[in-house]
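Heads up, the thing below is written out as structure tokens.
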Amino acid sequence: MTRILSLVLAAALTLLSSCGGDGTRTLHIYNWTYYMPDEVITAFEEEYDCDVVIDYFSSNEEMFAKLQAGGGRGYDIVFPSADYTSIMIKLGMLAPIDHAMIPNLQYIPDIVKQVATYDPGMEYSVPYFMGAAGIAVNTTLAPPDYERSWMIFADERLAGRMTLLDDMREVMGDALKTLGYSNNSTSPDEVQEAARLVADEWKPNIVKFDAESFAKSFARGEFAVVHCYAENIIAEMSAEELEKVDFFLPETGGSMYIDNMVILKDAPEKELAHQFINFIHEPENYAIFLDEFSFPPTTNTAAAAYMETTPLYTAEDLEGYEVIADLGEDLDMYNKLWEPIRYMD
Amino acid sequence: MRKPRKDKAGIMLAAPMGLWVTLFFAVPLLIIVTYSFLKKGLYGGVEWEPSFDAYRQVLDPDFIAVTLRTLWTSILATLTCLALALPTAYAIARSRHQTLFLFLTIIPFWTSSLIRIYAWINLLSTEGLVNNILLALGIIKEPLHLIYNLFAVILVLVYMYLPFAILPLFTAFDRFDFTLVDAARDLGSSKLGALVRIMLPSVRSGITTALVFTAIPVFGAYTVPLLVGGMGSTMVGNIIVDQVQKTRNWPLASAFSVILTLVSLIGVLTVLRGGRKDKKSKEVRT
């Protein structure tokens with residue numbers, strides 16, 4: 001729920017920054033909460049003599065609903081995840097990317113483009129960051145021989161001290177991967193088997209499905225094992241505290257995400273938007289973003305040279321990870337199986 | 001001549017409020033009701049095609065269980081609020097330091113409810129203050145599971161909405177003429193009898209208001225079950241948010257909202273009718 005607070009702050013900042021204009025160009029960005037360092041924004045404003053106004057969302061659905069309702073008018077750049085990028089391309093909501101204006105696209109490695117099957121040629125979207133949720137273990141609280149896989153959630157010794165993300169696609173995807181299937185499986189048998197794995201083996205040992213407050217409780221030692229994004233725990237723990245934390249991506253693979261930068265079809269500042277995307281992928285600038293969140297340089301390999309921190313996981317760890325794709329009508333099958341898992345005791 | 005003019009003034013005075021309510025309450029409610037009878041859009045939103053799918057889905061056994069759980073949780077929390085608020089409001093009304101106590105009742109509202117919920121997480125967690133104190137005093141050997149369950153949800157709900165029960169009850173007690181209790185005792189009633197038979201009926205409207213003021217927000221609670229609840233404490237409010245933000249099923253979210261509104265409405269009408277009947281019978285008696 002820190003999100004709400006940051007939203008309020010963000011709104012206040014937006015007001016402030018939109019007053020500070022001196023008649024120059026203004027770039028409107030719609031981004032995830034806490035996903036881009038202010039330092040980079042300020043540097044861009046100075047270099048291009050413009051204002052940047054940012055609004056924030058906390059889920060793809062929230063962002064998409066706002067754009068659909070016409071609330072996206074005036075935005076230049078939006079940051080949808082892979083599944084919503086493909087939806088927005090399908091619905092013709094995006095402007096084509098002019099590669100000539102973004103020379104820094106050269107730093108985006110082929111692997112990311114291959115994984116982005118919905119737009120491998122980056123015609124409508126430029127990957128911002130590719131990463132995955134993993135597992136954080138408080139090594140002072142867990143038994144020394146804990147399993148470094150998704151099956152750690154089946155470990156009864158840790159019962160009552162673990163949480164899974166309150167995110168159906170992440171959890172079900174990881175269960176599918178554990179069983180050796182695709183995390184985007186549309187086979188009813190496979191999905192049912194995964195649901196059983198979650199319901200019978202993982203769920204009995206977890207305190208709750210939580211995507212809001214678990215990181216604070218993990219930092220305090222209330223939870224010993226949490227399913228999380230690296231940035232969740234980075235935000236709550238000091239470097240010293242992080243030393244007792246083992247963050248890993250299980251080798252069996254799991255769900256991965258790509259968040260993209262897209263330019264809306266009706267964007268008023270298309271040129272500035274292209275310049276912004278190019279600026280973000282300037283390795284020196286990109287390294288600031290990576291350092292802020294201890295992210296690995298998966299999406300801009302040249303940035304590695306400028307990084308000052310050691311990331312919590314590496315690009316190689318993402319081997320076997322599959323991007324969460326849009327399931328269309330098949331999402332309902334997942335929803336039905338997820339309901340009893342999520343809402344019942 | 002006088003009467004029509006007075007009526008006009010009444011309409012004029014009521015118009016701003018009436019317009020406000022129509023615009024910001026009735027219209028959105030109408031939209032929600034309409035959406036609940038439409039087909040869901042593949043990527044959120046609705047398709048303009050009439051459908052009862054949403055209400056069929058509401059009848060799913062899991063969802064019925066959540067609805068019943070919500071009802072049960074709300075009743076427990078509301079009654080606990082009332083049980084705590086009655087003596088508190090009575091004491092405040094009888095106290096010489098009324099203003100101070102009312103002030104203290106309202107103080108929590110100065111802080112965002114979210115921050116107060118996080119404070120409760122800190123108090124109740126396994127490593128939290130309550131467990132630490134109990135352990136230090138040797139009252140318990142193992143930390144108690146005080147959080148991430150239904151108990152925590154009800155406890156925090158009661159905490160959040162207790163002032164909404166205390167304030168209307170205080171007003172009722174404050175208006176009550178306590179010499180009537182003395183009179184009843186002079187006429188031979190026991191102390192308890194005087195309180196129950198003379199005072200309680202007079203503050204009944206306060207009780208009604210307190211019930212309505214606590215039950216409705218509790219019934220629609222969302223953040224409390226999300227943050228301090230555990231596996232089996234999801235409430236209808238959480239399902240509504242999930243249907244909009246995750247499952248992209250707006251008609252189902254709307255159908256649940258309609259049910260929430262209807263149940264609240266039925267509750268309010270029943271309580272209000274009870275109150276009115278009571279007033280009538282009192283008028284007959286006098």
Side-chain angles (χ1 to χ4, degrees), chain A residues 1-5 8 57-69 83-84 86-88 90-91 141 160-161 163-164 166-169 203-204 206-214 216-217 220-224 326-329 331-332 334-336 338-345, chain B residues 40-46 53 57 60-67 69-70 112-115 117-118 120-122 124-128 131 143 145 147-150 152 222-236 238-239 241-250 252-253:
Chain A
M1 274 299 138
T2 42
R3 273 178 192 161
I4 303 246
L5 273 178
V8 173
F57 56 85
S58 52
S59 77
N60 279 299
E61 285 75 9
E62 181 190 337
M63 171 274 297
F64 189 74
K66 184 170 174 183
L67 294 188
Q68 287 265 290
D83 49 348
Y84 275 81
S86 72
I87 293 171
M88 289 164 86
K90 259 184 248 166
L91 298 180
L141 297 173
R161 310 212 72 178
T163 64
L164 280 164
D166 185 10
D167 186 316
M168 175 184 78
R169 291 301 302 280
K203 191 179 149 185
I206 69 163
V207 183
K208 64 187 298 195
F209 292 97
D210 191 344
E212 303 285 346
S213 64
F214 68 89
K216 281 188 170 53
S217 304
R220 243 193 359 251
E222 170 90 9
F223 301 141
D326 174 37
L327 293 172
E329 302 273 4
L331 186 70
D332 272 347
Y334 280 73
N335 285 336
K336 278 228 173 56
W338 181 248
E339 270 160 27
I341 295 177
R342 175 64 183 81
Y343 297 134
M344 293 294 113
D345 251 326
Chain B
K40 81 180 188 93
L42 183 51
Y43 297 120
V46 288
D53 276 358
Q57 283 168 309
D60 175 285
D62 291 335
F63 284 146
I64 289 184
V66 175
T67 311
R69 178 198 294 152
T70 308
S112 145
S113 60
L114 278 172
I115 292 174
I117 296 175
Y118 273 102
W120 273 105
I121 296 179
N122 277 312
L124 297 177
S125 62
T126 319
E127 315 280 329
N131 267 318
H145 292 292
I147 196 168
Y148 306 123
N149 50 36
L150 204 56
Y222 154 66
T223 36
V224 174
L226 184 72
L227 292 174
V228 303
M231 206 62 91
S233 29
T234 310
M235 288 171 67
V236 171
N238 304 101
I239 291 192
V241 175
D242 283 359
Q243 295 306 326
V244 175
Q245 292 206 334
K246 292 179 183 153
T247 346
R248 312 198 287 239
N249 193 340
W250 292 21
L252 184 54

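Here is how names work: the chains are called A, B, and so on, in the same order as the sequence lines, proteins then strands, and each is numbered from 1.
Taking each heavy atom of Glu212(A) and Leu227(B) in turn, the nearest pair found is CB-CD2, 3.9 Å. Nearest approach of Ser59(A) to Gln245(B), heavy atoms of both residues: OG-O, 4.1 Å. When every heavy atom of Asn122(B) is checked against every heavy atom of Arg220(A), the shortest pair comes out as OD1-NH1, 2.8 Å.
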Verdict with supporting geometry, Tyr148(B) and Ser217(A), side chain to side chain donor-acceptor pair (under 3.5 Å):
CA-CA 12 Å; Tyr148(B) 306 123; Ser217(A) 304; 3.3 Å; yes
Walk me through whether Asp83(A) and Arg248(B) qualify under salt bridge (Lys or Arg N to Asp or Glu O under 4.0 Å).
CA-CA 13 Å; Asp83(A) 49 348; Arg248(B) 312 198 287 239; 5.3 Å; no
Walk me through it: do Lys40(B) and Asp332(A) pass the test salt bridge (Lys or Arg N to Asp or Glu O under 4.0 Å)?
CA-CA 11 Å; Lys40(B) 81 180 188 93; Asp332(A) 272 347; 3.4 Å; yes
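Under the 4.5 Å side-chain criterion, counting only non-hydrogen atoms from C-beta, Met344(A) is in contact with Val66(B). Using a 4.5 Å heavy-atom threshold, the side chains of Phe63(B) and Tyr343(A) count as touching. Side-chain contact between Glu61(A) and Tyr43(B) is absent, with no heavy-atom pair separated by less than 4.5 Å. Thr247(B) has its side chain out of reach of Met168(A): every pair of non-hydrogen atoms, C-beta onward, lies at least 4.5 Å apart. Looking at heavy atoms from C-beta onward, Lys216(A) lies out of side-chain contact with Ile121(B) at the 4.5 angstrom threshold.
Chain A forms the most heavy-atom pairs under 4.5 Å with one residue out of Ser125(B), Gly230(B), Ser233(B), and that residue is Ser125(B). Counting heavy-atom pairs closer than 4.5 Å to chain A, the top-ranked of the candidates Thr234(B), Asp60(B), Asp62(B) is Asp62(B). For the options Lys336(A), Arg169(A), Glu329(A), Gln68(A), heavy-atom pairs under 4.5 Å to chain B are most numerous at Glu329(A). Contact count against chain A (heavy-atom pairs under 4.5 Å) is highest for Asp242(B) among Asp242(B), Asn149(B), Asn238(B).
There is no contact between Asn249(B) and chain A, counting heavy-atom distances below 4.5 Å. Of the atoms belonging to Arg342(A), heavy atoms from both backbone and side chain fall under 4.5 Å from chain B. Interface remark: Tyr334(A) contributes no atoms to any contact with chain B (heavy atom separation under 4.5 Å). With a 4.5 angstrom heavy-atom cutoff, Ile147(B) touches chain A only via side-chain atoms. Contact of Asp210(A) with chain B is not made at all, since no heavy-atom distance falls under 4.5 Å. If you measure heavy-atom distances from Asp167(A) to chain B, you find no contacts under 4.5 Å at all.
Side chain of Glu222(A) to backbone of Thr126(B): a donor-acceptor contact under 3.5 angstrom is found.
Asp166(A) has a carboxylate O that lies under 4.0 Å from a charged side-chain N of Lys246(B), or vice versa, which qualifies the two as a salt bridge.
Enclosure of atom NZ in Lys90(A) by more than 12 non-hydrogen atoms of other residues, nucleotides or ligands within 6.0 angstrom is indicated.
How far CG of Leu42(B) is from CG of Asp326(A): 7.0 Å, rounded to the nearest 0.5 Å.
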